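Naming convention: chains lettered A, B, ... in sequence-line order (proteins, then strands); numbering from 1 in each chain. A quick note: this is a predicted structure, and the numbers were derived from the prediction, not measured.
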Protein chains: 2
Amino acid sequence: MPDWEDLRHFVVLAREGTLSAAARLLGVDHATVARRVAALESDTGLKLVDRRARSYQLTDDGRRIAATAMPMEEAAFAVGRAVQAAKPGLRGEVSISSPPSLANALIAPQLFRLRRRHPGIQIKLIGEKRTASLNRREADVALRLSRPSEPGLIARKIGSFGFSLYGAAAYLKQTPRHALAFIAYDDSMDDAPQQKWLKAIAAGNEIVLRTSDLENQAAAARTGVGLAVLPHFLGDPDPQLTRYETTPTPPSREVWLVVHRDLRQAPLVRAVMEFLTDCIKAK
Amino acid sequence: MPDWEDLRHFVVLAREGTLSAAARLLGVDHATVARRVAALESDTGLKLVDRRARSYQLTDDGRRIAATAMPMEEAAFAVGRAVQAAKPGLRGEVSISSPPSLANALIAPQLFRLRRRHPGIQIKLIGEKRTASLNRREADVALRLSRPSEPGLIARKIGSFGFSLYGAAAYLKQTPRHALAFIAYDDSMDDAPQQKWLKAIAAGNEIVLRTSDLENQAAAARTGVGLAVLPHFLGDPDPQLTRYETTPTPPSREVWLVVHRDLRQAPLVRAVMEFLTDCIKAK
DNA sequence: CGGGCATTGTGCAAAATCTCACATCAAGAA
DNA sequence: TTCTTGATGTGAGATTTTGCACAATGCCCG
């Protein structure tokens, strides 16, 4: 039976493609990954990778072995979840994955409540566009803007929010309707409903700024660059921004609270889920 | 994520029950198992075992974690099979599990043929009563006397053989029918068909020897201790043994060739399966 | 074409791990 | 009881593994 640690390193290498990336992910030196893969090759008597100049290329055998070792990794994640779920009481770390806008505007400002109520809980708040995989234990709970379909996950809709166009009051006053400029996401967000809506509404007008960051869009809109589609929870409290009403109104989005089945009973996780629900409900 | 090697050691400990047994199975020192389990506990922050005077007792958490880690072990076995299956050509070791009688009388004497035909193949012949688990990779192929039902295994009936009562010629001549003594398996084999049959037929007569080893039974019968139920392939070629015909005749048994689905295509394994089929067919 | 930039390969010293030997302890047999 | 057997605990030395620093290489981009 091959060394399980060797397999772990090899699986990550197979997924990441390079020694360095695998090493970063595993938190070890790249030399260690290289040596462990070599050890696995010598153990199994199979050539698993072609060592090319700048990249490790899996051989057919390598792909085959990596594929059969994947279920091991999934089982390992299940062990990790079982460990997390077995932790009694309300002490420990919980990681939350959330879209950056929600994290900044609704979660972070409320964290002090959670700490007051459960002083033993440490939060790791991951505000990333990329949806972290709960199955891979990249986070314990997540907020998502649409219902996820991954197996093993449990999702509950805990709220929704609307969008409007916002701009600086002076800008709206001075600019004739046909000359209004727009601020949009970059292409990577082309499939988001609010972006589609904007593209439709802005058909004839100029899109003067594209940025992937919502905070940037708001900042630009505040200074009179143009109109941005912002969620109400971001635009309404801002004294420098004014809604610009349109028909049709922009789409609204749902907020889903997602957790893995294995973790939903853990007291630590339940407390955080309750907190997140309050954050969204009370916005 | 916990260290996979720690998990491997812990799973074996959980199954074996003692440090020493786990250490033997893993081929390491017992101190290594103890330290790895301790490391796993410190990693997870959970108490997994109660260290009692002479034994490691799993805690509830320990049982839970061990249970979730079992699938990892099964996946590891699958990797092992994939490795074995990926070996090209006809070089390497193949292990055969077989009932001892078949191994001694039909397989071992023919091994020279296999070696002549495929000089690159090394055979490990495990003649044990205990049925080795092909799923756990305790053997690559197996001969069984009944169709196995484990998942993932493929079985083919490759032959059958009959039993008869055998005794020394002189003994049979001298002894009146009602005084014939019998030689039987010990209690551990009470569920074997030939043993049941013997118990029925021998209802009134004395059972003078009980032994788990068929070779012993044959030896005793040869020297006139009594009558033993022996397979034909064992009794017929023996010049010192004579059949004692009865009605009803003893049951016959089937011979099944068993292999894991993952291995059946490997050239190495196929060659050995072909060899085993010939051994049984040509008896 | 040349300069970054990221990747893999290598030798060495340090750190972690394992084996080994011995000690201790409990249970069961004589 | 005393002896034997098989289990776990512990410390020292040997071995293995790892990280680090540096070299070499190929790619991308200006």
Legend entry - Electrostatic pair Lys124(A):Asp140(A) at N-O distance under 4.0 angstrom: no

Legend entry - Nucleic acid footprint by protein, nucleotides 25-30 of chain C - heavy-atom cut-off 4.0 Å, B for base, S for sugar-phosphate alone: -B----

Legend entry - Sequence neighbours excluded - side-chain hydrogen bond (donor to acceptor under 3.5 Å, both in side chains) pairs with any residue from residues 13-33 of chain A: Arg15(A)-Glu73(A)

Acceptor/donor pairs from residues 217-230 of chain A side chains to any protein atom, 3.5 angstrom cut, sequence neighbours excluded:
| from | atom 1 | to | atom 2 | distance (Å) |
| --- | --- | --- | --- | --- |
| Gln217(A) | NE2 | Thr211(A) | O | 3.3 |
| Arg222(A) | NH1 | Asp238(A) | OD2 | 2.4 |
| Thr223(A) | OG1 | Ala219(A) | O | 3.4 |
| Thr223(A) | OG1 | Ala220(A) | O | 2.9 |

Inset, instruction - State, yes or no, whether a side-chain contact exists between Leu143(B) and Pro99(B) at a heavy-atom distance under 4.5 Å. - result: yes

Legend entry - Set of salt bridge (Lys or Arg N to Asp or Glu O under 4.0 Å) partners for Asp186(A), sequence neighbours left out: none

Legend entry - For atom CZ of Arg51(A) and atom P of dT25(D), their distance in whole Å: 18 Å

Inset, instruction - Let me know the distance between CG of Leu13(B) and P of dT8(D), rounded to the nearest Å. - result: 8 Å

Inset, instruction - Mind calculating the distance between CG (Leu19(A)) and C1' (dT25(D)) to the nearest angstrom? - result: 14 Å

Legend entry - Nucleotide dT8(D), atom P - distance to CD of Gln57(B) in whole Å: 12 Å

Inset, instruction - Using side chain to side chain donor-acceptor pair (under 3.5 Å) as the criterion, list what pairs up with Asn205(B), not counting sequence neighbours. - result: none

Legend entry - Glu5(A) CD - dT16(D) P separation (whole Å): 18 Å

Inset, instruction - Using side chain to side chain donor-acceptor pair (under 3.5 Å) as the criterion, list what pairs up with Asp3(B), not counting sequence neighbours. - result: none

Inset, instruction - Could you tell me which residues satisfy side chain to side chain donor-acceptor pair (under 3.5 Å) with Asp43(A), sequence neighbours excluded, listed by chain and number? - result: none

Legend entry - Minimum side-chain heavy-atom gap Asn104(A)-Leu214(A) below 4.5 Å: no

Inset, instruction - Verify side chain to side chain contact (heavy atoms under 4.5 Å, CB included) between Met189(A) and Lys129(A), making sure each step is shown before the conclusion. - result: CA-CA 10 Å; Met189(A) 291 287 286; Lys129(A) 284 258 170 47; 3.8 Å; yes

Legend entry - Gln122(B) backbone acceptor or donor facing Glu93(B) side chain under 3.5 Å: no

Legend entry - Bending between helix ends of the helix from dC1(C)-dG30(D) to dA30(C)-dT1(D) [5 pairs per end, 10° resolution]: 30°

Inset, instruction - Among residues two or more places apart or on two chains, list those pairs meeting salt bridge (charged side-chain N to carboxylate O under 4.0 Å, His left out) that have a residue in residues 208-219 of chain A. - result: Asp187(A)-Arg210(A)

Inset, instruction - Check DNA chain D against residues 20-32 of chain B and give the residues with a non-hydrogen atom under 4.0 Å, in numerical order. - result: Ser20(B), Arg24(B), His30(B), Ala31(B)

Legend entry - Test side chain to side chain donor-acceptor pair (under 3.5 Å) applied to Arg144(A) - qualifying residues, sequence neighbours left out: none

Inset, instruction - Give, ordered by number, those residues of residues 34-44 of chain B having at least one heavy-atom distance below 4.0 Å to an atom of DNA chain C; if nothing qualifies, reply none. - result: Arg35(B), Arg36(B)

